[in-house]
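Below, all heavy atoms of this structure are taken into account, side chains as well, without hydrogens, waters or symmetry copies.
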Amino acid sequence: PAAAGSVPAAPAPLRLAQADTTRSDDKVDPFNLGKSQIELLQSLADRRKELEERERTLVQREGLLAAAEHRIDQKIGELNGIKTEIEDLIRKYDEQEEEQLASLVKIYETMKPKDAAKIFDALDMEILLQVIERMKASKTAPVLAAMTPERAKEVTARIAERRKMPDING
């Protein structure tokens, strides 16, 4: 043992290939190794165990990541399927709504302008705008003329607002 305050000596270099520590078949004879050589070999063995454990952990993590990636890919596929279904439903809904509006337009275009005007005066503005925008101008003009001036003015202003071009500079 080293005396207190003295600097410990550096371990002797490992000489595994020395004639006195090897047998005729070049294997190390553990009985001929010094204490520092045995400690070094033990340290290397411990390090090897640590590295093997790390490798096992990495392999496990890699497996978990692959499984998670597979589940994510499945979920993405499911979500894409749901997205397609929703888009189809929206398209069908829009088509049905357009058919209903076309039917309403046809009804109001065949009515007498005075009768249509009475209904238009009381109709919800959003529905009214959707109907009027789909009507032929030749059918809309007499109906607007028969409406109350305030309501006809409001409808005209709202139609003009809807048809404004978007500001591309802003």
Expected list for residues 108-119: side-chain donor-acceptor pairs under 3.5 angstrom, two or more places apart:
unit_1: Glu109; atom_1: OE2; unit_2: Lys136; atom_2: N; d: 2.8
unit_1: Thr110; atom_1: OG1; unit_2: Lys106; atom_2: O; d: 3.2
unit_1: Thr110; atom_1: OG1; unit_2: Ile107; atom_2: O; d: 2.8

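- Residues meeting the salt bridge (charged side-chain N to carboxylate O under 4.0 Å, His left out) test with Glu69, sequence neighbours left out: none.
- For the side chain to side chain donor-acceptor pair (under 3.5 Å) test, residues two or more places apart in sequence or in another chain that qualify with Glu53 are Arg56.
- A salt bridge links Arg91 to Glu95: at least one charged side-chain nitrogen sits closer than 4.0 Å to a carboxylate oxygen.
- Of all non-hydrogen atoms in Leu101 and Arg134, the two that sit nearest each other are CD1-CZ, 3.5 Å.
- With Asp121 contributing its side chain and Met147 its backbone, the two residues share no donor-acceptor pair below 3.5 Å.
- Put simply, the side chain of Leu104 does not reach to within 4.5 Å of the side chain of Gln130, judged on heavy atoms.
- By the 6.0 Å contact criterion, CZ on Arg162 is enclosed, its count of non-hydrogen atoms from other residues, nucleotides or ligands being greater than 12.
- Applying the 6.0 Å contact sphere to CZ of Arg48 captures no more than 12 heavy atoms from other residues, nucleotides or ligands.
- With values rounded to the nearest 0.5 angstrom, Asp94 atom CG is found 12.5 Å from Lys92 atom NZ.
- One distance of note links CD of Glu78 with CG of Asp73; it measures 11.5 Å at 0.5 Å rounding.
- Under a cut-off of 6.0 angstrom, the local environment of CD in Glu62 is sparse, with at most 12 non-hydrogen atoms contributed by other residues, nucleotides or ligands.
- Tracing side-chain contacts under 4.5 Å through hydrophobic residues (I, L, V, M, F, W, Y), one never reaches Leu64 starting from Ile72; they form parts of separate clusters.
- Rounded to the nearest 0.5 Å, atoms CG (Leu40) and CD (Gln42) are 10.5 Å apart.
- Nearest heavy-atom pair, Ile132 versus Thr140, reported as atom, atom and distance to 0.1 Å: CG2-CG2, 3.7 Å.
- Within the 4.5 Å cutoff, the side chain of Phe120 has no heavy atoms near those of the Leu144 side chain.
- In the displayed structure, Glu55 atom CD is contacted under 6.0 Å by at most 12 heavy atoms of other residues, nucleotides or ligands.
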